[in-house]
A.B. asks: 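Have a look at the structure that comes next, please.
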Amino acid sequence: MPKLTINGLEVEVEQGTSILQAAEQIGIEIPRFCYHDKLTVPANCRMCLVEVEGGPPKPAASCAMACGDGMVVQTESEMVKKARKGVMEMLLINHPLDCPICDQGGECDLQDQAMAYGFDRSRFEENKRAVKDKELGPLVKTIMTRCINCTRCVRFAEEIAGTPVLGQFHRGEDAEIGTFIEQLVETELSGNLIDICPVGALTSKPYAFAARSWELKKTESVDVHDAVGSNIRVDSRGREVMRILPRLHEDVNEEWISDRTRFSYDGLNRQRLDRPYIRDEDSGSLKEASWDEAFAYIAKKTKGVKGENIAALAGDLCDLESMTALKDLMGALGSPHMDCRTDGGRFDTSVRRGYIFNSGIAGIEQADAILLVGTNPRLEATMVNARIRKTWLEKRIPIALIGEAAELTYPYHHAGTTPDDLVKLAKDYAKKVKAEKPMMIVGAGAFAREDGEAIHKAVYEAAEKLGCIKDGWNGFNVLQNAASRVGALDIGFVPQKSGKDFNEIIEGTKDGSIEVLYLLGADEFDTRGQVGWQTFTIYQGHHGDHGASRADVILPGSAYTEKDGTYVNTEGRAQLAKKAVAPPGEAREDWKILRALSEQMGHTLPYDTLIQLRERIKTDWPHLADIDTLRASPWKEFGKKGKISKDPFRSSVTHYYLTNAICRASETMAKCSESFVTDDNKMLEAAE
């Protein structure tokens, strides 16, 4: 391991470490524009120049020079300072004086480094050049005259996103970034181009001229648009969420987030439920009511109804606390009928290893072969797909897919579409591919069928045959697509003894066996077309979406940015979402609504504060109290033997931008839906 001296400080680093990285390890700052630790090194901005004693009598680019044993490096010598001032002077030759109207103002690398390392005057008198703006879609706004040609966006699109549509054209003064032909950046990660751009050339189109960074309150939270649990920062002003940015978490989302996570926030203020409603029994129309009136009406309608005639469903965006409160209320009422799998999924919930992402998202990088079953990770979990691409780029591992063909961002072998193809592959694949750490990723859509439990058994057997389970390695992974799913399964929000599952509950509303149905944020299915009209339906949620359209009583709840809550991601990692803004009107936090309702119904829940509720969760499910921790559980046999249909596997997500109530209320997501191809079949047609 080479040992070198930087500014008089000695440091020992691993072979291949650059001078810039070595300086970071001992807290010495070296300015940079083109360098990014997640991208390849182009060394084209020259801002990171340092002086290496004994070397050529000129400054060296520290991002591209590997450390050598005995090196002596100076980062603050007169030569280096003069070189940096010259580089900054060159970078600003054509840069417009847009700082007062630039959305990057206040958080701009160019501003900061010009102040710290730049020259106080310019020797250039030539006219500034202008570059035509590019149309990249409804999300990314371009002001290309500000571009300093660092090529971060080009490298991100090619390496991380896997959609190499950006490039640098021409040479010298005519060099510019753009697309070869006028083309939109069709990737679910395009918003990250805004974050990595060190100047104001790429900014957020929905956020344009909306606020300044110093006006915003910043709240650390987690995303709920899929089951990855990406770490985010919610920036708000007053009661309005102004933007959502990624937060670094190397084991979950690294420093990226998907476009749905980043840009759907405008849906938080549209089509919101801000007061209770009761449906008039004569006219059938909804009328405003007070909380007391709504609770009294529910108590009246449910009085005398037996527990066996009451059911509850929890939707995809629910927090752990509210589902616990609803489960406790159903238990107090004597109802065994509850389910969180509103996609119709059927699988064995008795073994935790059978429904979580056992290897962890970061564990994808350890795999040396990956089999995808009934999933399209690009649409279902964009950050998981990005991690698979990263692994493929680094190791060129073999990847196979059983299910619908999809336009993924890495090459794969399409090994079939049906469960029979999985059985055949399990027999031959282990012989053909000698893998030490093979991985299987099964999509939630693989179980959303009548033979779901038999499929669950089949994937267990396939995982055993493929060698996915070894000492120190569990490569069997289920990719859930709902933020609430794993948490709900952990607390047992599934049919209790003799209870009905989702499909049976829906049938029960039609045959009269279910007289009362409680929908907690359940917007994943068409309630008007599926729930029987004789069933008294209570909807608690934050948007007037599918669930509210059928409800007899509507109770306005809080969205994920408006409450403190716990969400368990597909790995089984419990994470905390923090309250960033207040809910609109009379809307309240979901667990508080259930606590108040339970009192009116004569079954008061035994907790009055969020702390008490979390203590109740900790008592029964202690692993859910270990925040941001992956807890191991035993590997046991799961699933049930049964007849398996020959129907092909299907992905659970077909329309990426309109997957939940928040997205369907978002104007930005609607524009994305119009601009980008999201249907799988259309994707394939376009690819062909």
A.B. asks: Hey, are Ser230 and Asp223 close enough side-chain-wise for a donor-acceptor pair under 3.5 Å?
C.D. replies: no

A.B. asks: Is any side-chain heavy atom of Asp226 less than 4.5 Å from a side-chain heavy atom of Asn481?
C.D. replies: no

A.B. asks: Name all pairs fulfilling the ring pair (Phe, Tyr, Trp, His ring centres under 6.0 Å) condition that reach into residues 475-497, sequence neighbours left out, sorted by first residue then second.
C.D. replies: Phe476-Trp635, Phe476-Phe638

A.B. asks: How far does CG of Leu479 sit from CG of Leu372, to the nearest 0.5 angstrom?
C.D. replies: 9.0 Å

A.B. asks: Do other residues, nucleotides or ligands put more than 12 heavy atoms under 6.0 Å from the CD1 atom of Ile627?
C.D. replies: yes

A.B. asks: Does His414 use its side chain to pair, donor to acceptor, with the backbone of Gly416 at less than 3.5 Å?
C.D. replies: yes

A.B. asks: Has Lys510 got more than 12 heavy atoms of other residues, nucleotides or ligands less than 6.0 Å from its NZ?
C.D. replies: yes

A.B. asks: Apply side chain to side chain contact (heavy atoms under 4.5 Å, CB included) to Lys641 and list each qualifying residue two or more places apart in sequence or on a separate chain.
C.D. replies: Lys457, Glu461

A.B. asks: Ignoring hydrogens and geometry beyond distance, is a side-chain donor-acceptor pair present between Ser264 and His225 at under 3.5 Å?
C.D. replies: yes

A.B. asks: I'd like to know if the side chain of Gln496 reaches the main chain of Gly492, judged simply by a donor and an acceptor atom lying under 3.5 Å from each other, with no hydrogens or angles considered.
C.D. replies: yes

A.B. asks: Would you indicate whether the side-chain heavy atoms of Ser598 and Leu329 approach each other to under 4.5 Å?
C.D. replies: yes

A.B. asks: Are any of the side-chain heavy atoms of Val222 and Leu576 separated by less than 4.5 Å?
C.D. replies: no

A.B. asks: So, using salt bridge (Lys or Arg N to Asp or Glu O under 4.0 Å) as the criterion, who are the partners of Glu220 when residues are at least two apart?
C.D. replies: Arg247

A.B. asks: Name the residue from Lys390, Arg387, Lys38 that meets the salt bridge (Lys or Arg N to Asp or Glu O under 4.0 Å) definition with Glu250.
C.D. replies: Lys38

A.B. asks: Does atom NZ of Lys578 have more than 12 heavy-atom neighbours from other groups under 6.0 Å away?
C.D. replies: no

A.B. asks: So, taking the atom named CZ in Arg664 and the one named OG1 in Thr659, what distance separates them when rounded to the nearest 0.5 Å?
C.D. replies: 7.5 Å

A.B. asks: Enumerate the salt bridge (charged side-chain N to carboxylate O under 4.0 Å, His left out) contacts for residues 435-450, please, sequence neighbours excluded, ordered by first and then second residue.
C.D. replies: Arg449-Asp451

A.B. asks: Is any side-chain heavy atom of Trp473 closer than 4.5 Å to one of Asn358?
C.D. replies: no

A.B. asks: With respect to Phe649, which candidate in Thr375, Val373, Thr417, Val442 satisfies the side chain to side chain contact (heavy atoms under 4.5 Å, CB included) definition?
C.D. replies: Val373

A.B. asks: Angle class for the Tyr355/Phe347 ring planes (parallel below 30°, perpendicular above 60°, tilted otherwise)?
C.D. replies: tilted

A.B. asks: Would you list the pairs meeting salt bridge (charged side-chain N to carboxylate O under 4.0 Å, His left out) in which at least one residue belongs to residues 347-356, sequence neighbours left out?
C.D. replies: Arg352-Asp490

A.B. asks: Any luck finding a side-chain donor-acceptor pair between Glu599 and Thr604 under 3.5 Å?
C.D. replies: no

A.B. asks: Are the side chains of Tyr460 and Val351 in contact, using a 4.5 Å heavy-atom criterion?
C.D. replies: no

A.B. asks: Is Asp343 paired with Arg485 through a side-chain N to carboxylate O contact shorter than 4.0 Å?
C.D. replies: yes

A.B. asks: Look at the side chain of Asn569 and the backbone N and O of Val228, then say whether any donor-acceptor pair between them is shorter than 3.5 Å.
C.D. replies: yes

A.B. asks: Is a side-chain donor or acceptor of Asp316 paired with a backbone partner of Ala482 at a separation under 3.5 angstrom?
C.D. replies: no

A.B. asks: With a 4.5 Å heavy-atom cut-off, do Thr570 and Val478 have their side chains touching?
C.D. replies: no

A.B. asks: Determine whether Phe525 and His546 make a side-chain contact, defined as any pair of heavy atoms from C-beta on separated by less than 4.5 Å.
C.D. replies: no

A.B. asks: On a heavy-atom basis, which atom in Lys643 and which in Ala454 lie closest, and how many Å separate them?
C.D. replies: O-CB, 4.1 Å

A.B. asks: For residues 492-502, which residue pairs qualify under salt bridge (charged side-chain N to carboxylate O under 4.0 Å, His left out), counting only residues two or more places apart or in two chains?
C.D. replies: Arg346-Asp501

A.B. asks: Holding to salt bridge (Lys or Arg N to Asp or Glu O under 4.0 Å), I want the full list of residues that pass it with Asp421, two or more places apart in sequence or in another chain.
C.D. replies: none

A.B. asks: Please tell me whether Thr382 and Glu188 have a donor and an acceptor in their side chains that are separated by less than 3.5 angstrom.
C.D. replies: no

A.B. asks: Which residues satisfy the side chain to side chain contact (heavy atoms under 4.5 Å, CB included) test with Glu615, sequence neighbours excluded?
C.D. replies: Lys618

A.B. asks: Look up atom CE in Met323 and atom CG in Leu489, then write down how far apart they are to the nearest 0.5 Å.
C.D. replies: 8.5 Å

A.B. asks: Can you list everything that forms a side chain to side chain donor-acceptor pair (under 3.5 Å) with Asn503? Sequence neighbours excluded, please.
C.D. replies: none

A.B. asks: Looking at side-chain heavy atoms only, is the closest gap between Met338 and Lys327 below 4.5 Å?
C.D. replies: yes

A.B. asks: Centre-to-centre under 6.0 Å for Tyr567 and Tyr560, is that the case here?
C.D. replies: no

A.B. asks: Does NZ or CZ of Arg614 come closer than 6.0 Å to the centre of the six-membered ring of Tyr607, within 45° of the ring's axis?
C.D. replies: no

A.B. asks: Quiz question: by atom type and distance under 3.5 Å, do the side chains of Asn385 and Thr409 form a donor-acceptor pair?
C.D. replies: yes

A.B. asks: What's the spacing between Arg595 CZ and Glu589 CD if we round to 0.5 Å?
C.D. replies: 14.5 Å

A.B. asks: Should Asp523 and Tyr539 be marked as a side chain to side chain contact (heavy atoms under 4.5 Å, CB included) after you check the CA-CA gap, both sets of side-chain angles, and the distance that decides it?
C.D. replies: CA-CA 10 Å; Asp523 290 302; Tyr539 173 77; 2.7 Å; yes

A.B. asks: Regarding Thr566 and Glu321, is there a side-chain donor-to-acceptor distance under 3.5 Å anywhere?
C.D. replies: yes

A.B. asks: Kindly write out the residues that satisfy side chain to side chain contact (heavy atoms under 4.5 Å, CB included) with Thr324, not counting sequence neighbours, or none if the list is empty.
C.D. replies: Leu320, Asp328, Ile491, Leu613, Arg616, Ile617, Trp621

A.B. asks: Just verifying a value: how many Å separate Leu189 CG and Ser258 OG, rounded to the nearest 0.5 Å?
C.D. replies: 7.0 Å

A.B. asks: Would Asn231 and Gln575 count as having a side-chain donor-acceptor pair, cut-off 3.5 Å?
C.D. replies: yes

A.B. asks: Return the set of residues passing side chain to side chain contact (heavy atoms under 4.5 Å, CB included) with Leu630 (not counting sequence neighbours), or none when no residue passes.
C.D. replies: Glu571, Arg573

A.B. asks: Just distance, no hydrogens or angles: give the donor-acceptor pairs under 3.5 Å from side chains in residues 392-400, sequence neighbours left out.
C.D. replies:
| from | atom 1 | to | atom 2 | distance (Å) |
| --- | --- | --- | --- | --- |
| Lys395 | NZ | Glu365 | O | 2.8 |
| Lys395 | NZ | Ala367 | O | 2.8 |
| Arg396 | NH1 | Leu393 | O | 3.0 |

